[in-house]
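Scroll down for the structure; my scribbles are underneath it.
Everything numeric in this text was worked out from a predicted model, so none of it was measured. Atoms considered below: every heavy atom in the structure, side chains included; atoms not considered: hydrogens, waters and symmetry mates.
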Amino acid sequence: MPELPEVETTVRLLRRELVGHRFERVSLKWPRQCPTPGVIRRELPGRRVAALSRRGKFILVHLRPADRTLLIHLRMSGQLSVQRASVPSDPHAHTVFSLDDGLELRFSDTRKFGRVYLVRDPDEFLARLGPEPLGAAFNPKWMRERFEGRKRAIKTLLLEQSIVAGMGNIYADESLFRAHIDPRRSASSLSSREIRTLHSAIRAVLEEAIEHQGTSFDWVYSGGEMQSRLRVYGRREQPCATCGTPIERIVVGQRSTHLCPRCQR
DNA sequence: AACAGCCCCTGGGTGC
DNA sequence: TGCACCCAGGGGCTGT
């Protein structure tokens, strides 16, 4: 699913249900979902959930003892839920964590792109991620430095997790619309003023999306209301809310891209 | 280093 | 109705 706002929403919901519970067993039915199955089976049982957090699009399950951390990436279609073990499991729940009190943490993932890791040092594991877009380290100066000399489309760079952690296709399109910038523009062509505008737009869009619990789409993620506030994503041929020009859908860097050809330059 | 292109998967939608 | 084809929110890997 899931970009930063949807992952953040997931973390907030799971936090209430998971903190304090103890892992008892792990069932791994799709080997590629977990690159180190032996480590997880050996090290996870007996540990309790101390806290949950998010870094980019990764979910971090902090444990006690604290020398291991469970990391989950939902990729395209992953969903996490906490259920009673007696509730029938859905056929795509390839990874199931049995908890105390008869509960299960289920990782459903239709497209099987999601990943689960148990690591010693999450900071090291996530070292290549860029700054959090809502944190102080993500600022116009950082953006300007990263865009310098980069000829690729600005949209493509916004999707690079080493530049800004957690951006995805929906919110990249929405941010560029709100900044009035054409997603095909070379990153190095942006003026300082445009970078400042884009920086503000990214923050505003993500904050609004978190406030509305993210965007619900298809069968992958539900619960959010942000889809009704999107201005370009998924609105091909519908009139731009600002000028009435039909929204265009093009391909940039092999990703579907939505823009208003009149408002974005 | 930067970048284009391919690949991993499944299932829903569309057009013939 | 059946079926081939296209499409998808992510990201890692390859070769140039």
From [options], nucleotide with atom closest to [X] side chain:
X: A/T110; options: C/dC7, C/dG10, B/dG11; value: B/dG11
X: A/I170; options: B/dC6, C/dG9, B/dC9; value: C/dG9
X: A/R249; options: B/dA4, C/dG10, C/dA8; value: C/dA8
X: A/S256; options: C/dG9, B/dG5, C/dG10; value: C/dG9

Atom [atom1] of [X] and atom [atom2] of [N]: how far apart are they, to the nearest Å?
X: A/I250; N: C/dC7; atom1: CD1; atom2: C1'; result: 17 Å
X: A/H92; N: B/dG11; atom1: NE2; atom2: C1'; result: 8 Å
X: A/I163; N: B/dC3; atom1: CD1; atom2: P; result: 9 Å
X: A/E160; N: C/dG10; atom1: CD; atom2: P; result: 14 Å
X: A/L71; N: C/dG11; atom1: CG; atom2: C1'; result: 16 Å
X: A/R75; N: B/dC9; atom1: CZ; atom2: C1'; result: 11 Å
X: A/I154; N: B/dA2; atom1: CD1; atom2: C1'; result: 15 Å
X: A/R111; N: B/dC8; atom1: CZ; atom2: P; result: 13 Å

Under 4.5 Å between any side-chain heavy atoms of [X] and [Y], yes or no?
X: A/K155; Y: A/L158; answer: no
X: A/Y117; Y: A/I72; answer: no
X: A/R146; Y: A/I163; answer: yes

Practice problem: Give none if B/dG13 has no partner; otherwise give the nucleotide forming a Watson-Crick or G-U wobble pair with it, both distances under 3.5 Å. | Solution: C/dC5

Practice problem: With a 3.5 angstrom cut-off on both distances, give the Watson-Crick or G-U wobble partner of C/dG11, or none if there isn't one. | Solution: B/dC7

So, is [X] near the phosphate of [N], with a side-chain N or O under 4.0 Å from OP1 or OP2?
X: A/R255; N: C/dG9; result: yes
X: A/K151; N: B/dA2; result: no
X: A/K112; N: B/dC8; result: no
X: A/H73; N: C/dG11; result: yes
X: A/R115; N: C/dG11; result: no

Quiz item: Does the salt bridge (charged side-chain N to carboxylate O under 4.0 Å, His left out) test come out yes or no for A/R229 and A/E208, once each step is laid out?
Solution: CA-CA 9 Å; A/R229 314 175 86 87; A/E208 184 179 348; 2.7 Å; yes

Quiz item: Going through the distances and angles, do A/E160 and A/R152 end up as a salt bridge (charged side-chain N to carboxylate O under 4.0 Å, His left out)?
Solution: CA-CA 11 Å; A/E160 278 190 20; A/R152 303 183 84 182; 3.5 Å; yes

Practice problem: Indicate, yes or no, whether a donor-acceptor pair under 3.5 Å links the base of B/dA2 to the side chain of A/R150. | Solution: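 Donor-acceptor pair under 3.5 Å: no.
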
Quiz item: Start at the 5' end of DNA chain B and walk down; is the nucleotide closest to A/R146 or to A/R32 reached first?
Solution: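 By nearest-heavy-atom nucleotide position, the 5'-most residue is A/R146.
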
Self-check item: 5' priority, DNA chain B, between A/Q254 and A/G149 [closest heavy atom]
Solution: A/G149

Practice problem: State yes or no: are the ring centers of A/H199 and A/F138 separated by less than 6.0 Å? | Solution: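 Yes - the distance between ring centres of A/H199 and A/F138 falls below the 6.0 Å cut-off.
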
Quiz item: Heavy atoms under 4.0 Å, any strand shown: does A/Q161 hit a base, just sugar-phosphate, or nothing?
Solution: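 Counting heavy atoms under 4.0 Å across all strands, the contact made by A/Q161 is with sugar-phosphate only.
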
Practice problem: Considering only atom P, compute the distance from B/dC6 to C/dC7 and round it to an integer number of Å. | Solution: 14 Å

Quiz item: Are the ring of A/F113 and the base ring of C/dG11 both nearer than 5.5 Å at their centres and tilted by less than 30°?
Solution: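 Not stacked by the 5.5 Å and 30° rule.
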
